[in-house]
Undergrad: 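One structure, as structure tokens, below. Some questions next.
Keep in mind that the numbers below use all heavy atoms, side chains included, and drop hydrogens, waters and symmetry copies.
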Amino acid sequence: MYLKDKEIEVIELLAKFKFLTSSQFVKLEVYKNRGDVTNFLKEIIKQKRPIVDKIVFSTDPQKGKLEYIYYLTKYGEKVLVEDLDYSIDMIKKIPKSKPISTKDYFHRKSTIDFYIYLSQWLNNVQGEILFLNYYFDKVGSTKGKENNYTQGLNRLFLDNGKSFIPDIITKFKVNNEEYLFLFEQHNGTDVKRLIVQLYIHRQAILERIASKKYDFNKSNRVVVICEFGKVKNNVIKKLQKIDDFKEFYNFFIFKTNEELKEDFFNNWMLINNQQVNFIQKMQ
């Protein structure tokens, strides 16, 4: 199939990021404004065998009209494999039903934003993402009638048998050094819920759950992005008063969505209020 350069760029980005909105395509510099992205994708979707399709959402009562979310069609996946020499494991495949609830819309979009910023920073420093999986990535099969299962690719099991699913698990390399980071996007104002979540991460670090699963000889770090600055500050203040976290100050780094957008690499906050860069070595 003959593809224009922009069409190749779009399907390669969707293979990498799985879902993207028009504003995220602008972040990725496909076009300079959302209108040009939307018009371009509209023409692709109108094709007889479209390589890209979209998910349309109802209007949010507080935030108004939501952007479409674009994804790679099965035919788009086929084009990548047959015409662009992609292997299947290079493509973040879309489930048959491709459901995204309006409730999950903003959380999922912010999670993908983090991947975009991480990827752009690594490109600038000649780094490399070794793998990155989302909380909505699945493993398993629903084909056939027996022994069917799908489960979250990021599911981690603690020694007590309980499990949790980080929003992102990624291993990347910079200057020949590897890093393993687990990421949580916290939307809303529920400070207590986030502290409970971070307790689980603390236990997982103690048990070296992620390090053992992903063949990493050091402890992982946990990235926490909060929608609101007040929530970030309140969580940090409460963690400072919890003895269980005294030895874990270096393992958790915090920002808000807006702070992430302004500067990805610098000004991350530790539990003790110290500011560090994204990969600053733990003391």
Side-chain angles (χ1 to χ4, degrees), residues 1-60 63-117 119-120 129 131-143 148 150-154 167-168 185:
M1 177 183 179
Y2 172 75
L3 293 173
K4 300 175 183 176
D5 289 344
K6 285 289 185 187
E7 291 174 325
I8 294 173
E9 185 177 5
V10 162
I11 63 173
E12 288 187 330
L13 288 171
L14 288 172
K16 177 176 180 176
F17 294 102
K18 194 165 188 168
F19 298 112
L20 290 169
T21 64
S22 56
S23 63
Q24 288 172 328
F25 276 115
V26 172
K27 280 189 181 84
L28 291 161
E29 301 180 348
V30 174
Y31 281 101
K32 290 184 178 180
N33 62 72
R34 284 178 50 190
D36 288 340
V37 173
T38 302
N39 290 335
F40 179 73
L41 293 172
K42 187 184 296 182
E43 293 303 312
I44 295 180
I45 291 170
K46 281 165 48 178
Q47 294 172 356
K48 188 174 181 180
R49 298 187 72 184
I51 52 178
V52 173
D53 207 346
K54 67 185 179 186
I55 305 171
V56 180
F57 297 87
S58 56
T59 300
D60 183 85
K63 301 197 176 182
K65 186 177 179 181
L66 303 181
E67 292 183 80
Y68 301 151
I69 286 183
Y70 298 93
Y71 64 93
L72 198 63
T73 64
K74 295 300 177 186
Y75 183 60
E77 292 175 9
K78 183 179 179 183
V79 169
L80 281 168
V81 171
E82 295 183 357
D83 296 351
L84 297 174
D85 295 325
Y86 269 58
S87 61
I88 290 297
D89 61 5
M90 293 169 65
I91 302 171
K92 280 196 173 293
K93 296 174 70 66
I94 306 300
K96 216 168 188 180
S97 56
K98 34 180 202 310
I100 302 176
S101 67
T102 303
K103 183 179 179 182
D104 190 47
Y105 177 93
F106 298 104
H107 184 268
R108 188 172 298 208
K109 187 169 180 284
S110 294
T111 300
I112 295 169
D113 277 343
F114 175 79
Y115 186 6
I116 291 172
Y117 294 130
S119 181
Q120 289 175 328
I129 291 178
F131 74 82
L132 184 145
N133 298 318
Y134 299 126
Y135 67 96
F136 47 85
D137 288 335
K138 306 292 183 182
V139 64
S141 174
T142 57
K143 293 182 179 180
N148 296 334
T150 58
Q151 65 176 6
L153 195 56
N154 279 358
D167 290 333
I168 283 176
Q185 172 67 43

Undergrad: For the pair Ser119 (side chain) and Tyr115 (backbone), establish whether a donor and an acceptor sit closer than 3.5 Å, ignoring hydrogens and angles.
TA: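 A pair under 3.5 Å: no.
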
Undergrad: For the atom pair CG (Leu132) and NZ (Lys16), what is the distance rounded to the nearest 0.5 Å?
TA: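 Here the interatomic distance stands at 9.0 Å.
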
Undergrad: So which of Asp53, Ile55, Thr38 actually passes side chain to side chain contact (heavy atoms under 4.5 Å, CB included) with Tyr70?
TA: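 So the option named by the test is Thr38.
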
Undergrad: State, yes or no, whether a side-chain contact exists between Leu20 and Ile116 at a heavy-atom distance under 4.5 Å.
TA: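 Yes, close enough: below the 4.5 Å cut-off.
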
Undergrad: Could you measure the distance from the OG1 atom of Thr102 to the CZ atom of Phe57? Nearest 0.5 Å is fine.
TA: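 One finds 6.0 Å between OG1 of Thr102 and CZ of Phe57.
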
Undergrad: Assess the residue pair Lys109 and Glu67 against the criterion (side-chain contact (heavy atoms from CB on, under 4.5 Å)); give the C-alpha distance rounded to whole Å, side-chain angles, the decisive distance to 0.1 Å, and a yes or no.
TA: CA-CA 10 Å; Lys109 187 169 180 284; Glu67 292 183 80; 3.3 Å; yes

Undergrad: Would a distance-only check, ignoring hydrogens and angles, find a side-chain to backbone donor-acceptor pair under 3.5 Å from Ser22 to Val37?
TA: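 No; zero donor-acceptor contacts below 3.5 Å.
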
Undergrad: What is the minimum heavy-atom distance between Glu12 and Leu84, and which atoms define it?
TA: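 Scanning both residues completely, I find the closest heavy atoms to be OE2-CD1, 4.5 Å.
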
Undergrad: Heavy-atom distance under 4.5 Å between the side chains of Tyr68 and Ile45, does that happen here?
TA: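 Side chain of Tyr68 against side chain of Ile45, heavy atoms only: no contact under 4.5 Å found.
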
Undergrad: More than 12 heavy atoms of other residues, nucleotides or ligands under 6.0 Å from NZ of Lys74: is that the case?
TA: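 More than 12 within 6.0 Å, yes.
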
Undergrad: So, Lys54 side chain and Thr21 main chain: donor-acceptor pair closer than 3.5 Å or not?
TA: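 Not at all, since once roles are kept as given, no pair shorter than 3.5 Å links the two residues.
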
Undergrad: Would you give the length of the straight line joining atom CG of Leu28 to atom CD of Glu9, rounded to the nearest 0.5 angstrom?
TA: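 So the gap between those two atoms works out to 8.5 Å.
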
Undergrad: For a 4.5 angstrom cut-off between non-hydrogen side-chain atoms, does Lys27 reach Asp113?
TA: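 Touching, per the 4.5 Å side-chain cut-off.
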
Undergrad: For the residue pair Phe136 and Phe19, does the interplanar ring angle fall in the parallel (under 30°), tilted (30 to 60°) or perpendicular (over 60°) class?
TA: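 Tilted, since the angle between the ring planes falls between 30° and 60°.
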
Undergrad: Nearest 0.5 Å, what's the CD1-CD1 distance between Ile44 and Ile11?
TA: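 The CD1 atom of Ile11 is 8.5 Å from CD1 of Ile44, to the nearest 0.5 Å.
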
Undergrad: With a 4.5 Å cut-off on side-chain heavy atoms, are Asp60 and Phe106 touching?
TA: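 A side-chain contact under 4.5 Å exists here.
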
Undergrad: Give, for atom OG of Ser58 and atom CG of Leu66, the distance between the pair rounded to the nearest 0.5 Å.
TA: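 It is 7.0 Å, given to the nearest 0.5 Å.
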
Undergrad: Side chains of Gln185 and Thr111: is there a donor and an acceptor less than 3.5 Å apart?
TA: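 No pair is found: no donor N or O on one side chain lies under 3.5 Å from an acceptor on the other.
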
Undergrad: Could Lys6 and Phe40 be counted as a cation-pi pair, given that NZ or CZ must be under 6.0 Å from the ring centre and within 45° of the axis?
TA: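 No; the conditions do not both hold, so Lys6 does not lie above the ring face of Phe40.
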
Undergrad: When you measure from the side chain of Asp137 to the backbone of Tyr134, do you find a donor-acceptor pair of N or O atoms at a distance under 3.5 Å?
TA: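 The answer is yes, because a donor-acceptor pair under 3.5 Å joins these two groups.
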
Undergrad: If you round to the nearest 0.5 Å, how far is CD1 of Ile51 from CG of Leu72?
TA: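 Separation between the atoms: 7.5 Å.
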
Undergrad: Specify the closest pair of heavy atoms between Tyr86 and Ala15, including all atoms of both residues, with the distance to one decimal.
TA: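 Taking Tyr86 first and Ala15 second, the nearest heavy atoms are CE2-CB, 4.1 Å.
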
Undergrad: Any side-chain heavy-atom pair from Tyr71 and Ile69 closer than 4.5 angstrom?
TA: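 Side chain of Tyr71 against side chain of Ile69, heavy atoms only: no contact under 4.5 Å found.
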
Undergrad: Report yes if some heavy atom in the side chain of Val52 is under 4.5 Å from a heavy atom in the side chain of Val10; otherwise report no.
TA: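 The answer is yes, as the side chains (C-beta and beyond) meet within the 4.5 Å cut-off.
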
Undergrad: Would you check, one step at a time, whether the test side-chain contact (heavy atoms from CB on, under 4.5 Å) holds for Lys78 with Val81?
TA: CA-CA 5 Å; Lys78 183 179 179 183; Val81 171; 5.9 Å; no

Undergrad: Where do Phe25 and Leu41 land on the side-chain contact (heavy atoms from CB on, under 4.5 Å) test, with the steps shown first?
TA: CA-CA 11 Å; Phe25 276 115; Leu41 293 172; 3.8 Å; yes

Undergrad: Take atom CG of Asn33 as the centre, draw a 6.0 Å sphere, and report whether it contains more than 12 heavy atoms from other residues, nucleotides or ligands.
TA: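 Yes, CG of Asn33 has more than 12 neighbouring heavy atoms, counting only those of other groups under 6.0 Å.
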
